[in-house]
Amino acid sequence: MAKASASATPAVPRRSWFWLQGVICGVAVAVVPGTALMIGVLMAPAFATYAMEQGKTRPLARGMMLRGAACTFMPLRVLWEHGGSLDASLDLLSDPGRPLLAWTACGAGWLAGQLADILTRLALDARSARALRQLTQERDKLIVEWTDEQPPK
C-alpha cells in the first residue's frame, strides 16, 4: 500500500519570469540601443554576478548593482544630453575612466558583501567564545559549591 502524502493536492510550481527579463532587454536594445549598450557595459560585472550567484536573494549581486548603478547615472545623463545614439554611447565608452569607475564601484559592492560575511562570522565566534567562558566559570563555581573538588583546568 502506498503512503498517503501530507497534502492531497500537489504543490504548484512557481512560475518563472526569466523570459520577461529577456523580452525587456530585447526591447531596450531595439528601441534605445545606445542606452542599452551603455548600461550593459557599465553594469557587466554586476550582471555576470547576478547570473552566476546561487542564493535566492542574491545579496552580492544586489550590492554590486546598487553601487554600479550609482556610477552609471552620470554617463547616462551625458549620453541623453548628446542624443542617446549608439555613436554617442561608443564615444562616451571610449573614455576608459567611465567603465573603470563603474566596474570599481561594482567591485566595492562585492567587497562589502564579502566583508559583511567575514565580520558577521567573527562577531558570532566572539559571542560564542564569551558565552562559553561564562558557562565554564559558572560550572566551576557549581563544582566548588557542591563538591570538595577543585574544578578541572
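Predicted, not measured: the structure shown is a model, and the values here were computed from it.
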Taking distance alone, no hydrogens or angles, what donor-acceptor pairs closer than 3.5 Å link side-chain atoms of residues 105-128 to residues at least two apart or in another chain?
| unit_1 | atom_1 | unit_2 | atom_2 | d |
| --- | --- | --- | --- | --- |
| T120 | OG1 | A116 | O | 2.6 |
| S128 | OG | L124 | O | 3.0 |

Which side-chain N or O atoms in residues 35-54 pair as donor and acceptor under 3.5 Å with protein atoms at least two apart or in another chain?
| unit_1 | atom_1 | unit_2 | atom_2 | d |
| --- | --- | --- | --- | --- |
| T35 | OG1 | W80 | NE1 | 3.0 |
| T49 | OG1 | P45 | O | 2.9 |
| E53 | OE1 | A61 | N | 2.9 |
| E53 | OE2 | L60 | N | 3.2 |

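A continuous path of ILVMFWY side-chain contacts below 4.5 Å connects M65 to L76, so both sit in one hydrophobic cluster. No chain of hydrophobic side-chain contacts below 4.5 Å, direct or via other Ile, Leu, Val, Met, Phe, Trp or Tyr residues, connects V29 to V23. Cluster membership for V32 and L93, using ILVMFWY side-chain heavy atoms within less than 4.5 angstrom, is not shared.
As a member of the Ile/Leu/Val/Met/Phe/Trp/Tyr network built from side-chain separations under 4.5 Å, L66 groups with nothing else and remains a singleton. Residue L142 is found in a hydrophobic cluster whose other members, listed by chain and number, are W146; membership requires side-chain heavy atoms under 4.5 Å apart, directly or through intermediates.
Note on residues 74-93: pairs passing salt bridge (charged side-chain N to carboxylate O under 4.0 Å, His left out), not counting sequence neighbours, are R77-E81. Residue pairs meeting the side chain to side chain donor-acceptor pair (under 3.5 Å) criterion with at least one member in residues 19-29: none, sequence neighbours excluded.
Put simply, the side chain of R98 never gets that close to the backbone of P75: no donor and acceptor are under 3.5 Å apart.
Taking CG of L132 as the start and CZ of R130 as the end, the distance is 12.0 Å to the nearest 0.5 Å. E145 CD to E138 CD: the interatomic distance, rounded to the nearest 0.5 Å, is 10.0 Å. Here SG of C71 is found 10.5 Å from CG of L100. Values are rounded to the nearest 0.5 Å.
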